[in-house]
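Atoms within a ligand are numbered from 1 in the order they appear, just like the ligands themselves. In this text, all values refer to a predicted model and were calculated from it rather than measured experimentally.
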Amino acid sequence: MTKTALPLVDGFGRQVTYLRVSVTDRCDFRCTYCMSENMKFLPKKDVLSFEELNVLIDAFVVRGVKKLRLTGGEPLVRRGIMDLITRISRHLGSGALNELTLTTNGSQLAKFAGRLKQAGINRINVSLDTLNADKFTDITRRGKLEQVLDGIKAADDAGLAVKLNMVAMKGFNDAEIVPMVEWAHQRGYDLTLIEEMPLGEVSRDRAGAFLPLRQVRDQLAETFTLEKIAHATGGPARYVRVRETGGRLGFITPMSHNFCESCNRVRLTCTGQLYLCLGREGCVDLRAALRDKGARGLDAVLDEAMILKPKGHDFDPLRQAPAVARHMSMTGG
Ligand code: SAM
Ligand code: SF4
């Protein structure tokens, strides 16, 4: 095995095989739990070019990354995004990557669904916190529910498997979880519920809206029969099958349950910062490494990064202040 083919293994023996890439910090929505009303976005010159992103992604793939998720911000609002996706998808053709996927707010899906499928993407995650049009515009501060539902339908029609992500919020959508399970499963979509995390300053009471998914699960068990299943995506979600609908339901509980021991992922921001943990500040600057040392110098920096990967995060649901200053749209969800 050559030096460059050595896998990425951290100080706790965990192999990093999953890379999330935030391709832009920009978004056409301003979800209240994710962004502040007046977000200041990065100047374009600070954002990695597609060429730079490609070099970095190639370096990870050579070191054994098998799964890649594009996210943001909203990945589908970055101009020319299909060029990047098409370029990355050659790693699917060669067998180096097992999966290329994307997390999206769905607003642009009607336009892109067919092309995403053609590029080898088989599954996508779409964020959908409510099926009520007014509440949808409220929580996203500008989104149109209908446009997103059209996007989801287009994705389904194009043959993309859809998983919905719903951030569970007390007093906002807690009463909609049962209807959302039914709506999603009737259409053959998986649904994953997510606990809100304290990432970045937002102008709302996060601790007040915090809804422990343990509690949600107990309440759902009054309506549905939740059967444990072994389904694992290599991610933090724990899944059950809902007997009455036959569909899959996931729970991501970063706040009340620590899932870090099996963490296999790292996150690259659109400025080339590599974050080793969503809930911690530690990162390495891959853009500087690339610009100073070139592609060949990257390997050593990736090895240094592995040593920095922490054992885990430790969020406190009752704390008002963010656990880390950067927003989810920066690190990529
Ligand atoms: N714009 C795309 C979207 O909304 O799907 C991709 C980026 S978004 C940051 C990725 C995921 O992070 C979304 O499912 C969103 O609901 C979730 N998210 C954002 N801020 C969060 C927070 N503070 N806590 C938990 N999930 C959050
Ligand atoms: Fe945009 Fe996604 Fe953040 Fe909402 S959650 S503001 S859609 S990046």
Side-chain angles (χ1 to χ4, degrees), residues 20-39 41-42 69-78 81 101-109 112 123-130 136-145 147-148 151-152 155 162-170 172-173 180 189-207 209-213 235-237 250-256 259 265 267-270 275 278-279 313 315-317 319-333:
R20 290 192 170 213
V21 182
S22 174
V23 296
T24 177
D25 64 326
R26 290 168 193 251
C27 186
D28 48 346
F29 293 176
R30 299 284 185 281
C31 300
T32 59
Y33 51 79
C34 177
M35 294 193 177
S36 63
E37 171 84 64
N38 303 307
M39 285 296 281
F41 294 111
L42 294 163
R69 177 177 296 279
L70 300 178
T71 177
E74 174 47 42
L76 297 181
V77 301
R78 177 142 182 197
I81 187 67
T101 177
L102 142 128
T103 303
T104 173
N105 66 20
S107 70
Q108 310 300 311
L109 261 182
F112 284 103
R123 298 194 296 139
I124 54 166
N125 289 3
V126 187
S127 302
L128 185 65
D129 301 320
T130 173
F136 186 84
T137 301
D138 256 13
I139 197 81
T140 57
R141 293 202 184 94
R142 56 198 65 188
K144 301 245 183 311
L145 178 67
Q147 192 179 338
V148 171
I152 293 174
V162 173
K163 179 164 80 67
L164 300 178
N165 283 343
M166 177 183 194
V167 178
M169 290 164 272
K170 194 182 344 179
F172 176 73
N173 59 5
M180 187 69 96
Y189 310 150
D190 286 352
L191 172 68
T192 297
L193 303 174
I194 306 177
E195 279 176 353
E196 182 172 343
M197 292 173 267
L199 304 174
E201 204 64 67
V202 291
S203 42
R204 71 196 268 277
D205 171 19
R206 271 199 207 277
F210 180 67
L211 183 57
L213 288 186
F251 298 87
I252 299 187
T253 56
M255 303 297 287
S256 48
F259 46 61
R265 65 189 56 194
R267 298 161 194 268
L268 181 65
T269 71
C270 60
Y275 281 94
L278 182 62
H313 66 252
F315 291 137
D316 175 358
R319 217 177 95 127
Q320 277 294 356
V324 293
R326 62 188 190 278
H327 291 90
M328 186 79 148
S329 54
M330 183 71 207
T331 330

#### Entry: Gap separating the CG atom of L102 from the CZ atom of F112, nearest 0.5 angstrom
10.0 Å
### Query
Atom OG1 of T24 and atom CD1 of I81: how far apart are they, to the nearest 0.5 Å?
8.5 Å
### Task
Give yes if a backbone or side-chain nitrogen or oxygen of G72 is under 3.5 Å from a nitrogen or oxygen of ligand 1, and no if not.
no
#### Entry: Min heavy-atom dist E195 to ligand 1 below 4.0 Å
yes
### Under 4.0 Å to a heavy atom of N165 - the qualifying atoms of ligand 1, by number
14 (O)
### Message
If the cut-off is 4.0 Å to any non-hydrogen atom of V167, which atoms of ligand 1 fall inside it?
### Response
16 (O), 26 (N)
### Query
In Å, rounded to the nearest 0.5 Å, how long is the span from CG of L42 to CG of D25?
4.0 Å
### Message
Is it the case that ligand 1 has an N or O less than 3.5 angstrom from some N or O of Y33?
### Response
yes
### Query
Does even one non-hydrogen atom of G73 get within less than 4.0 Å of ligand 2?
yes
## Note on the structure
Under 4.0 Å from one or more heavy atoms of T71, ligand 1 contributes atoms 6 (C), 7 (C)
### Numbered atoms and elements of ligand 1 in range of T104, under 4.0 angstrom, heavy atoms
2 (C), 3 (C), 5 (O)
### Message
Rounded at 0.5 Å granularity, tell me how far CD in E195 sits from CG in L211.
### Response
8.0 Å
### Task
For M197, take its heavy atoms, then give the atoms of ligand 1 lying under 4.0 Å from any of them.
22 (C), 23 (N), 24 (N), 25 (C)
### Task
Indicate if the distance from atom 3 (Fe) of ligand 2 to the nearest N, O or S atom of C31 falls below 2.8 Å.
no
### T103 side-chain N/O to T71 backbone N/O, donor-acceptor pair under 3.5 Å
no
### Task
Using distance alone, determine whether N125 and ligand 1 share an N or O pair under 3.5 Å.
no
### Message
Contact between M35 and F41 at the side-chain level, heavy atoms closer than 4.5 Å - yes or no?
### Response
yes
### Task
Have a look at ligand 1 and work out which part of D129, if any, has a heavy atom under 4.0 Å from it: side chain, backbone, both or neither.
neither
### Query
Can you find an N or O of G73 that's nearer than 3.5 Å to an N or O of ligand 1?
yes
#### Entry: Distance (rounded to the nearest 0.5 Å) between F210 CZ and E196 CD
9.0 Å
### Query
Where's the contact between T103 and ligand 1, heavy-atom distance under 4.0 Å: side chain, backbone, both or neither?
both
### Task
Might you work through the side chain to side chain contact (heavy atoms under 4.5 Å, CB included) test for L128 and M180, ending with a clear yes or no?
CA-CA 9 Å; L128 185 65; M180 187 69 96; 3.9 Å; yes
### Query
Within the structure, does E74 bring an N/O atom to less than 3.5 angstrom of an N/O atom in ligand 1?
yes
### Query
Counting only N and O atoms by type, is there a donor-acceptor contact under 3.5 Å from the side chain of E74 to the main-chain atoms of N105?
yes
### Task
Please confirm whether the backbone N or O of T130 pairs with a side-chain atom of N173, one donor and one acceptor, at under 3.5 Å?
no
### Contact atoms of ligand 2, heavy-atom distance to F29 under 4.0 Å
6 (S), 7 (S)
